[in-house]
Amino acid sequence: MAYTRLDNTAIIKNTNYSQNNFNLGSNINISKKLKSEITASYNNYYRRNSPDLGQDFGWSTFTTYNMSRDYKPIEFDIYKKDDGSKADLAGLSAIGAYPYQNNYNNHLFWHLMEQNQFMTRNQLLSTVKLTAELTPWFNLTGRASIVNANTTVESRYTPVDVAGLQGQYGIETVKNQDMNLEGFGIFHKDELFGGNFSGSLMLGASSLKSRMYGNSAWNSGEKDATYGQSSIYPWIIPNKYYLANTSYNGLFSLPVETWANYNINSVYGIMDLSYKNYLFLQVTGRNDWSSTLPIQNASYFYPSTSLSFVFTDAIQGLKNSNWLNYGKLKLSYAGSANGTDPYLAYYTYSPFVISNYLNAQAPSTFGGVPVRSYKASLPPADALKPQRNTSQEIGLELGFLQNRLGLEFTYYATKSRDQILSSSLAGSSGATSVTFNTGELSNKGFEFIIRATPVRTQDFNWNIVVNGAHNKNKVIALADGIDVYPLQDLWGNNGVRMYVKAGEDYGTIYGYDYTYKNGQKIVAPIYDKTDPTKVVGSRYVTTPDLVPIGNAMPKLTGGISNSFRYKRVSLSFLTDFRIGGQIYSADYAASMANGTAPETLLERDGGGLSYTYPDGSTANHGIVFDGVYADGTPNKDVVHYLYKYAGQYGAWSGVPMPRSNAIFNNSWGKLRELTLTYSVPGKILEGTGFIQGLDVSLIGRNLFTYSRPCLIG
Amino acid sequence: MNSWIYPITQQGVVAGSNSYNFDGARGSLWTTYYQALANYRLIQSRIETSATPANMNNLYAMLKTLIAYKTFKTTNNFGNIPYSKAGYAPINGAVAYNVPYDKQEDIYSSLLTDLKWAVDNFSTDATQYSPGSYDTFLKGDIAKWIKFANSLRLYVAITMYNKNSSLAGTHIAEALSKPLLTDGEDIGLWPTAITGLEFQWRQWSFTQDCNLRMGSTMWNLFSDNNDTDGSGIFDIRAKIFFETNGANNWVAIPQNQATITETGSPYNIANRDVNWSNKGNSNYSAFNFYFVKDVKYIPELILTAAQVYFLKAEAYNRGLGVTANQATAKAAYDAGVTASLTMWKKIAFNTPSWVVNKPAQEALTAVELNQVLTNTKVAYNTGDASSSLLKIYAQTWIDQYRQPYDAWTLLRRTGGKTPMSSIGTGNYTGKYGTLYKFKYPDEEQSFNNANWKTETDGSDVTNKKIWIQP
């Protein structure tokens with residue numbers, strides 16, 4: 001039995017969570033032949049507001065990106081009036097608007113502190129397993145497991161008015177239940193066929209029923225709400241949070257229900273055969289029936305096989321080798337297949353007609369009559385097929401010098417076909433995205449582990465393990481008419497995008513970039529709009545379309561773990577590393593554009609060239625863009641530093657900007673864990689009478705990161 | 001969009017900065033149109049494959065008319081757009097994912113063909129399929145459908161006349177010989193006529209970072225002088241469209257000022273509901289609060305009777321497809337001014353939430369009409385066709401107070417003959433004067449890249465003239 005309690009006080013304002021966890025496990029031998037195993041755990045999780053990780057209008061975004069470093073949030077003292085109602089920050093201000101960012105974030109403080117969301121989840125997981133040893137060569141196992149979770153999210157938005165009637169209340173409950181019933185029998189026999197063979201055969205069947213039901217309802221009494229929903233029907237009872245608390249006749253916005261149910265039934269078999277303890281063969285086969293696929297394609301079979309050969313035991317000459325103690329070669333082929341999310345198998349119409357509704361939910365009637373439209377996300381053109389994967393693997397395991405040096409190496413190649421993927425379409429096609437069932441992807445790579453014990457003596461022991469991996473992910477085929485598969489994008493086309501085309505490897509980062517003439521960046525002057533002879537700024541000329549500016553894929557990832565033991569003291573550490581690959585740092589770009597990065601101070605502090613402002617005043621705020629005009633002559637225009645920063649790094653300007661200037665190398669090393677342990681000698685413990693062993697450890701986690709932030713652009 | 005189109009057309013001024021990019025709404029304009037087009041393509045294919053397509057002609061005529069209006073609006077926003085092969089992905093699959101762009105001139109010509117077909121095929125015949133109560137727009141009033149389609153045809157043809165006068169002339173002549181929208185037939189989405197319709201985004205469109213104020217360009221067409229007590233006002237629409245500042249004075253912002261010092265929050269609905277006069281010390285006259293607040297009565301206009309009268313006036317003034325006739329032009333022009341004054345007064349009078357400065361009665365009085373028609377800024381001079389043409393444009397531009405995108409089209413196709421301030425022209429040219437079109441949405445560049453490149457040559461700019469512009 002175990003009980004764990006976790007309390008978390010968050011760094012981000014007005015958020016926290018806590019967790020209670022009970023575990024129970026028991027094994028009972030019912031009779032000589034029948035054993036049972038019962039495990040159960042109960043988790044209770046509570047969260048006050050999910051931390052805002054940088055959403056628009058969020059506190060983190062506001063303080064990190066939008067405000068200067070010396071900003072003092074005096075708003076926390078004034079966002080709420082003494083009578084408990086919401087203060088109008090725009091109205092309180094002398095200029096009639098919340099001063100930062102043109103009245104943006106005017107409601108942020110009230111939202112952050114007074115519009116709270118509480119989540120509770122109670123989850124019960126339990127498994128009962130019965131095993132019967134019917135004969136020495138056959139046993140039968142039945143297992144039933146159930147996961148039951150109930151989640152409630154309650155939203156309480158404090159009324160904004162003195163009367164306490166303009167508040168919002170929402171309640172959402174989600175019920176999840178996954179039930180898995182499984183039965184299998186295992187036949188096993190050593191010394192088959194005259195003694196050199198052993199074997200076992202497992203045959204089984206399972207049935208998974210997954211059920212999800214959720215409902216949510218919202219009662220808004222708040223007029224002109226910025227967050228949640230607006231409603232012109234205030235509550236009737238002040239400050240009471242319940243759904244029927246509305247002056248509207250019925251619920252202004254109807255409750256929403258969601259379902260996601262599916263079943264998977266399976267039969268499977270696993271056969272193991274070994275010969276003389278050095279040749280091992282495993283063959284498996286499995287057939288699934290998934291309710292998520294149309295009936296004609298719902299059944300699918302997939303086999304796998306693997307063969308291992310311990311050649312150091314098989315080949316006479318290697319048996320007593322001094323240097324090679326162990327050698328194994330492994331070959332395997334595995335197939336797998338799966339269905340998809342529920343309810344994708346058949347086409348449905350969209351009940352919503354107006355896309356830009358603001359209050360309440362999307363209307364499904366117009367002018368009093370029910371309406372339907374086609375769905376902008378197109379389903380696959382043909383009946384869904386199962387998604388299939390095949391993987392081939394070859395591995396080698398070697399042990400040298402009394403196993404003081406070990407090496408494991410695996411090369412794998414997997415191919416996934418009939419993948420159900422979704423790609424965006426240009427709106428002019430009439431649809432915004434399409435799901436297709438023809439995606440083909442491949443993964444190839446290798447993994448290695450080297451274990452070594454350089455020193456092994458009575459008092460001193462040194463162990464070191466190095467592991468590493470390299471993987472290449474490639475898109476082989478998409479679908480007819482689909483050229484690109486979008487992965488990520490930031491700030492639209494004027495920012496950076498990641499996408500991959502058929503035949504390409506994953507990882508390329510695209511964006512506009514600088515253009516060059518004779519190796520020099522091309523600069524274009526920006527002229528005064530009313531006086532086309534007067535240069536007011538400069539900009540770098542960008543490429544006409546997005547071009548590759550970086551690649552996110554690492555060359556190698558891995559870790560080193562090392563331990564020293566001297567008598568009763570041991571010291572160990574664990575590191576991670578990543579070599580190669582790049583990132584686009586939006587933080588860096590934003591801080592350069594917004595003037596919050598230290599290097600932007602140079603000209604602001606008067607370290608620039610002499611610059612004359614339109615009103616005639618001068619300051620050392622000027623810069624000259626490094627580069628040449630389109631005709632190859634050097635740029636000599638002295639312009640305001642704004643063009644260097646906001647004009648070269650900014651987001652959302654609607655102007656293409658070179659993006660390679662915020663691409664960084666993403667190679668790093670991390671010290672994940674450092675542990676110092678002292679094992680208390682048995683002699684000392686004897687005195688206690690009941691402690692058999694005691695280790696005292698000092699553990700530090702995530703202590704150190706090494707990276708060389710190297711700007712590529 | 002409000003914060004850009006109004007200062008571009010000079011129908012209003014934005015005090016402060018435009019927080020949003022000029023074409024920030026381009027993505028939603030684009031998807032809304034193409035999703036409608038895709039639904040249209042779907043019905044089109046059902047009609048064409050139905051047992052008796054001819055029985056669907058009346059319904060087809062309705063659909064062609066509606067999609068023609070939407071296409072007209074979209075091509076005027078973007079210039080060349082994917083059209084003839086667009087919207088087919090839900091029906092035709094992969095071959096329709098990447099769509100080539102059509103030239104605006106081809107789109108206009110196709111719209112005229114469709115609208116002519118619609119006008120000729122509307123029918124009340126009993127064999128025709130009837131959408132019944134699903135015609136929420138014109139409620140099965142086929143005569144009105146014909147007038148709407150025919151008036152739209154006139155609008156499209158006149159808009160392109162300078163570019164292809166022979167094609168436009170034929171359609172103008174025929175449209176003028178068929179029924180057109182007349183007094184009281186102001187086509188739009190009227191919430192009172194469509195059950196449950198509310199314009200929920202209207203308040204947002206005025207309150208979210210859009211500090212619109214009355215500009216001197218429109219004020220000068222409403223008032224004979226700048227007296228802040230409003231004593232110079234001769235057009236009742238001044239007091240319907242706009243209101244006094246925080247000190248209850250009539251003060252327009254001189255159009256096209258580089259920097260404007262403005263305070264106050266005249267669009268703060270919560271404050272103004274409590275006390276209409278609480279405008280937070282705004283220095284300048286704002287758009288009438290009720291156009292911001294009301295979401296349940298004031299319509300979103302599509303094609304007003306006044307607009308159609310002004311189109312007719314222009315055709316006779318300039319002799320487009322018909323022989324020029326200043327007397328006919330004047331009669332149509334006067335009818336247009338009358339229809340506009342009548343409609344706006346009626347809207348103000350009938351909007352239930354309109355309380356302060358509500359007109360005392362619904363009907364336009366003879367005095368109110370004559371004050372406008374006889375003012376030298378308005379009166380049509382049959383002896384001076386060219387100055388009268390500018391008045392036709394000016395009155396169309398005023399009537400389009402809540403259709404700024406139509407005023408923008410008028411501005412562009414006439415090469416800037418809509419009312420323009422003579423002050424701050426440099427500022428205007430610098431900031432607004434060369435905004436001719438929206439850029440295409442990012443998705444076109446990303447997912448229709450080859451066609452996008454063919455159309456834009458890799459440089460999609462807002463100062464590229466669209467075909468209808470001189």
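Just so it is clear, the model here is predicted, and its values are computed rather than measured. All chains are named by letter (A, B, ...) in the order of the sequence lines, taking the proteins before the strands, and each is independently numbered beginning at 1.
With rounding to the nearest 0.5 angstrom, the OG atom of A:S429 is 10.5 Å from the CG atom of B:L37. Summarising the geometry, atom NZ belonging to A:K223 is positioned 8.5 Å from atom CD belonging to B:Q203; distances are rounded to the nearest 0.5 Å. For the atom pair CG (A:D545) and OG (B:S446), the distance works out to 8.5 Å, reported to the nearest 0.5 Å. Taking CG of A:D483 as the start and CZ of B:F447 as the end, the distance is 10.0 Å to the nearest 0.5 Å. Between the CD atom in B:E198 and the CD1 atom in A:I232 there is a gap of 6.5 Å [rounded to 0.5 Å]. Rounding to the nearest 0.5 angstrom, the gap separating the CH2 atom in A:W491 from the CG atom in B:D442 is 14.0 Å.
Only the side chain of B:L42 comes within less than 4.5 Å of a heavy atom of chain A; its backbone N, CA, C and O stay farther away. Proximity to chain B is absent for every atom of A:D489, based on heavy atoms less than 4.5 angstrom apart. B:D23 does not touch chain A: none of its heavy atoms, backbone or side chain, sits under 4.5 Å away. For B:D273, the part sitting under 4.5 Å from any heavy atom of chain A is the side chain, from C-beta outward, and nothing else.
The closest side-chain heavy-atom distance from B:L197 to A:F366 is below 4.5 Å. A heavy-atom distance below 4.5 Å is not found between the side chains of B:E443 and A:N493. Looking only at side-chain heavy atoms (C-beta outward), B:P90 and A:L378 come within less than 4.5 Å of each other.
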Residues A:S428, B:Y101; criterion side-chain contact (heavy atoms from CB on, under 4.5 Å); working and verdict: CA-CA 9 Å; A:S428 52; B:Y101 286 64; 5.7 Å; no
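The interface of residues 448-457 of chain B with chain A, defined by heavy-atom distances below 4.5 Å, comprises B:N448, B:N449, B:W452, B:K453.
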